[in-house]
Amino acid sequence: SHILALSGGVGGAKLAAGLAAVLPPERLTIAVNTGDDFEHLGLTVCPDIDSVTYALAGLNDTVRGWGVKDETWQAMAMLKALGEPDWFNLGDRDLGMHIARSWHLRSGETLSQVTARLTRALGIAHAIVPMSDAPVRTQVRTEQGWLDFQRYFVAEQCRPAASAIRFAGTPGAAPSPGFAAALARDDLAAVVICPSNPYLSVDPILAVDGVRAALAARAVPVIAVSPLVGGKALKGPLAKLLGELGQTVSNAAIAAHYAGLLDHLVIDQSDAADAGGLRAGGVSATITGTVMCDADDRERLARVALSA
Ligand code: FO1
Ligand code: CA
C-alpha cells in the first residue's frame with residue numbers, strides 16, 4: 001500500500017522526514033508546495049522543496065528552520081558589496097542547490113526531473129515531487145498591490161495589511177507526473193496532510209488542476225496533522241496575515257477549511273479540548289504531542305498519523 005503526503009516548508013518537512021524514516025521508498029510519495037517559489041538573481045528558488053530535501057538528507061538547519069546547516073554567507077557578503085539585492089538570504093551551500101536547479105531547468109528539464117536528479121544526488125531514495133511542473137505563485141494582496149509571497153514574507157516582513165491570497169498560474173497548472181500517478185494509484189492507502197499552513201502551504205497544492213476533486217473522489221482516508229499548538233500557529237507573523245483575511249486560527253477552523261476532504265485530524269495534547277467539537281463535526285481526532293524537536297519525535301508522530 002502507498003501513502004501520499006502533502007507538504008509545505010518547515011513543519012511539513014519535519015513530518016515528511018518522519019514518514020520517510022518509517023516507510024520504504026516504494027511506499028511513499030511526498031508532493032510539495034511550489035507556490036513559495038520565485039526567481040531571484042536569475043535563479044529559481046524553491047523553498048519548500050528544499051526544506052523537504054534538506055530534512056530528508058539530514059542537512060536542514062534546525063535553528064533557523066530553513067536552509068542548510070553549518071551554512072556560510074560569503075556569497076551574500078559579496079552581493080551586498082556589489083550593491084545587489086540582499087533581502088533574501090542565500091547561504092553558500094544553499095546557493096549551490098539553486099545554481100544546479102536553475103542550470104538544469106534552463107537546459108530544458110522539468111522541475112520534476114530536476115528535483116528527482118538533485119534529491120537522488122543527495123542520497124534520498126524517497127520520491128519528492130513538486131505539486132506541478134507549471135509555475136504557480138502564491139501572491140498576497142496588500143495596500144502596495146499584489147506581492148509575491150517571498151516579497152511579502154521576507155522583504156516586507158508581513159508588514160503591509162493583507163486583503164487576499166491568490167495562486168497565480170491556477171487554474172491551468174496540472175499536477176506533476178509523480179503527483180498525478182500517486183493520486184491515481186490503485187494501492188493508495190491514505191493521504192497525509194503534513195503540519196503546514198493550510199491557507200499558504202496546502203491550499204496551493206489543492207488548487208492544482210483536479211487535485212481537490214481527485215482527493216474527494218477517492219475512498220482513501222485523508223489525515224491532517226494540525227500545525228497548531230496551544231491554539232496558535234508555531235511561527236508568528238502568519239497569524240497576522242490570517243487575522244487580516246478574517247480567518248480564525250483554530251483546529252475547528254482547519255477542519256472546516258478542509259470540509260469534504262478531511263477524515264481525521266491529529267491535534268496537539270495542549271488542544272485536547274478541541275477533540276469533542278471536531279468529532280461532533282464528523283472529523284475524528286487523535287490527541288498526541290505534535291511538536292517535533294528531533295528524529296524520534298518526527299518518527300513517532302509519523303507512526304501516529306499512519307495508525308490514524
Ligand atoms: N526566510 C526568511 O525569513 N528570510 C530569508 O532570508 C530566507 C531565505 C531563504 C532562503 C532559502 C530558502 O529555502 C528559504 C528561505 N527563507 C527565508 C524561508 C522561506 O521564506 C520560508 O520558509 C518559506 O517560503 C515558507 O514556507
Ligand atoms: Ca475522501
Side-chain angles (χ1 to χ4, degrees), residues 5-17 30-57 59-77 79-80 84-102 111 114-115 118-119 122 128 130-131 135-140 147-160 162 165 167-168 193-205 225 227 233-242 292:
L6 309 183
S7 181
V10 192
K14 289 190 205 172
L15 186 66
I30 306 164
V32 183
N33 172 40
T34 56
D36 293 4
D37 296 8
F38 75 133
E39 302 291 324
H40 189 58
L41 300 166
L43 303 171
T44 303
V45 179
C46 303
D48 287 357
I49 288 179
D50 289 348
S51 289
V52 174
T53 298
Y54 294 147
L56 264 67
L59 292 171
N60 57 312
D61 187 295
T62 51
V63 178
R64 254 194 332 276
W66 47 267
V68 183
K69 67 181 178 188
D70 303 325
E71 189 58 281
T72 55
W73 305 93
Q74 296 299 319
M76 260 342 269
L79 284 166
K80 199 178 164 74
E84 300 297 341
D86 64 349
W87 58 269
F88 196 78
N89 293 289
L90 298 171
D92 297 333
R93 302 178 81 195
D94 192 31
L95 204 45
M97 173 66 90
H98 309 311
I99 291 169
R101 173 167 42 230
S102 305
L111 184 58
V114 178
T115 304
L118 300 177
T119 53
L122 289 177
I128 299 173
M131 64 186 195
V136 173
R137 295 294 178 258
T138 298
Q139 297 176 327
V140 180
L147 297 180
D148 279 343
F149 181 74
Q150 299 300 341
R151 271 251 156 233
Y152 168 78
F153 186 70
V154 178
E156 301 291 337
Q157 301 278 300
C158 304
R159 273 181 302 255
I165 298 177
F167 309 117
I193 301 179
C194 293
S196 296
N197 189 296
Y199 306 92
L200 289 161
S201 300
V202 182
D203 273 2
I205 305 177
V225 176
L234 272 175
K235 291 262 142 68
L238 296 177
K240 172 184 176 284
L241 169 63
L242 298 182
M292 292 172 278

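Counting convention: from 1, in listed order, for ligands and their atoms alike. Heads up: numbering here begins at 1 and tracks the sequence. Every value quoted in this text rests on a predicted model; they were computed, and no experiment measured them. Quick note: numbers below take in every heavy atom, side chains included, and nothing from hydrogens, waters or symmetry partners.
Contact atoms of ligand 1 toward Asp94: 10 (C), 11 (C) (distance under 4.0 Å to a heavy atom of the residue).
In this structure, Glu71 contributes its side chain and Asp94 its backbone to a donor-acceptor pair below 3.5 Å.
The shortest contact between atom 19 (C) of ligand 1 and any protein heavy atom is with Gln150 OE1, 3.7 Å. Phe88 CZ, 3.2 Å is the protein heavy atom nearest to atom 9 (C) of ligand 1. Scanning the protein heavy atoms around atom 5 (C) of ligand 1, the nearest turns out to be Trp66 CZ2, 3.5 Å. Looking at atom 13 (O) of ligand 1, its nearest protein heavy atom turns out to be Pro47 CA, 3.4 Å. For atom 21 (C) of ligand 1, the closest non-hydrogen atom on the protein side is Phe153 CE2, 4.0 Å. Counting protein heavy atoms only, atom 4 (N) of ligand 1 is closest to Val154 CG1, 3.4 Å.
At under 3.5 Å, not a single nitrogen or oxygen of Asp50, backbone or side chain, sits near a nitrogen or oxygen of ligand 1. Considering backbone and side-chain N/O of Asn89, one or more are found under 3.5 Å from N/O of ligand 1. Ligand 1 has an N or O atom lying under 3.5 Å from an N or O atom of Asp36, backbone or side chain.
Taking each heavy atom of Val225 and Leu15 in turn, the nearest pair found is CG2-CD2, 3.7 Å. Scanning both residues, Arg137 and Asp37, for their nearest heavy atoms gives CD-O, 3.1 Å.
Residue-level proximity to ligand 1 for Asp48 is carried by the side chain, the only part with a heavy atom below 4.0 angstrom.
The one candidate from Val68, Leu122, Leu59, Val45 that meets the side chain to side chain contact (heavy atoms under 4.5 Å, CB included) condition with Met97 is Leu122. With respect to Asp148, the side chain to side chain contact (heavy atoms under 4.5 Å, CB included) criterion is satisfied by exactly one of Glu39, Gln139, His40: Gln139.
The aromatic rings of Trp87 and Phe38 sit tilted, their planes meeting at an angle between 30° and 60°.
From Met76, atom CE reaches atom CG of Asp92 across 10.0 Å, with rounding to the nearest 0.5 Å.
When the shell of 6.0 Å around CD of Gln157 is examined, it contains more than 12 heavy atoms from other residues, nucleotides or ligands.
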